[in-house]
Amino acid sequence: MDGFQAYGAGKAGGAFDPATFIRQPQTVVRILCWLFSIVILGCVANEGYVNRPEEVEPYCIFNRNQNACNYGITMGTLGFLCSAAFLALDVYFPQISGVKDRKKAVMADIVVSALWAFIWFVGFCFLANQWQVSKKEDNPLNEGADAARATIVFSFFSIFTWGGLTLLSLERLKRVSFEEEYNKLFSPPLA
């Protein structure tokens, strides 16, 4: 068992290597999720509201539906925070020596990633629908149109990045489960 190093367990407590960490597929995809959330949040928060000259209050460019803009801002913010939290967990993951704790972290990652893929699917459908039914007379100068389209496109991309994280986490679960079975089968004899 001395040569055994199943997915980080043999290196638990070792030094953190940023170059190796940044090249891991899970890290790259998680950073993409993080960036997409920033783009979505920024587009809706900065250019998602316009007003006509005769109106005082700004309104959402997605069919004047405040819920659409609120959804984009809320999901962008929560997606950003969630990506950042799981990125921090990915940094800490090799330091977790207990297989059961590692398995809990991976299971949480699977559930959260699958949930976010679904949330972005709903968001994409909702925002695309609201943009499609928006009236030309509500925004005659097309203010914020590029931001609205960017929000819809990056919501669509987020479905696949979060779905990819789900698949990568399932692969990680297989490795952690193997590690658990290996430890059960080849545990050191009691003296």
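Remember, it's a predicted structure, so these values are computed and weren't measured experimentally.
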Quick one: pull up CD1 in Ile38 and CZ in Phe154 and give me the separation to the nearest 0.5 Å.
11.5 Å
Would you say that Asn51 contacts Val56 through its side chain, given a criterion of any heavy-atom pair below 4.5 Å between the two side chains?
no
Please find the pair of heavy atoms, one from Val112 and one from Cys82, that lie closest to each other, and give the distance.
CG1-SG, 3.3 Å
Could you grab the distance from atom CH2 of Trp120 to atom CD1 of Ile40, nearest 0.5 Å is fine?
3.5 Å
Could you tell me whether the side chain of Phe36 reaches within less than 4.5 Å of the side chain of Ile31, counting heavy atoms only?
no
Taking all heavy atoms of Ile119 and all of Met75, pick out the closest pair and write down the distance.
CG2-SD, 3.3 Å
Return the minimal non-hydrogen interatomic distance between Asn63 and Lys135, and the atom names on each side.
OD1-NZ, 4.1 Å
Taking CZ in Phe21 as the centre, count heavy atoms belonging to other residues, nucleotides or ligands within less than 6.0 Å. Is the count above 12?
yes
Please tell me if the side chains of Phe62 and Leu127 come closer than 4.5 Å, counting only heavy atoms from C-beta onward.
yes
Non-hydrogen atoms of Tyr71 and Gly123 that approach each other most closely
CE2-CA, 3.2 Å
Less than 4.5 Å apart, any side-chain heavy atom of Trp162 and any of Ser83?
yes
Could you tell me if the side chain of Tyr49 sits less than 4.5 Å from the side chain of Glu57, heavy atoms only?
no
Selection residues 29-48 - residue pairs positive for side-chain hydrogen bond (donor to acceptor under 3.5 Å, both in side chains), sequence neighbours left out
Arg30-Asp90, Arg30-Asp109
Hey, what do you get for CZ (Arg64) to OG (Ser134), rounding to the nearest 0.5 Å?
10.0 Å
Using modelled atom types only, decide if a donor and an acceptor are shared between the side chain of Thr166 and the backbone of Ala114 within a distance under 3.5 Å.
yes
Can you find a heavy atom in the side chain of Glu143 that is under 4.5 Å from one in the side chain of Ile61?
no
In terms of hydrophobic clustering (I, L, V, M, F, W, Y; side-chain heavy atoms under 4.5 Å; direct or indirect links), are Phe126 and Val133 co-clustered?
no
OG1-CD distance between Thr20 and Gln24, expressed to the nearest 0.5 angstrom:
7.5 Å
Residues at least two apart in sequence or cross-chain that pass ring pair (Phe, Tyr, Trp, His ring centres under 6.0 Å) with Phe124, listed by chain then number, are Phe156
Can Val111 be reached from Val106 by stepping across I, L, V, M, F, W or Y side chains whose heavy atoms are under 4.5 Å apart?
no
Any non-hydrogen side-chain atom of Pro18 less than 4.5 Å from a side-chain atom of Ile22?
no
Cationic tip of Arg172 within the cone over Phe93's six-membered ring, i.e. under 6.0 Å and within 45° of the normal?
yes
Output the distance between atom CD1 (Ile73) and atom CG (Leu78), rounded to the nearest 0.5 Å.
11.5 Å
Please check if Val28 and Tyr92 belong to a single hydrophobic cluster, counting links between Ile, Leu, Val, Met, Phe, Trp and Tyr side chain heavy atoms closer than 4.5 Å.
no
Looking at every heavy atom in both Thr161 and Ser158, which two are closest together, and how far apart are they?
OG1-O, 3.1 Å
Look only at the side chain of Asn65 and the backbone of Asn67, and say whether a donor-acceptor pair between them is shorter than 3.5 Å.
yes
To the nearest 0.5 Å, atom SG of Cys69 lies from atom CD of Gln130 at 10.0 Å
Please assess Glu171 against Lys174 for the test side-chain contact (heavy atoms from CB on, under 4.5 Å), listing each intermediate value before the final yes or no.
CA-CA 5 Å; Glu171 286 297 316; Lys174 288 179 188 176; 3.3 Å; yes
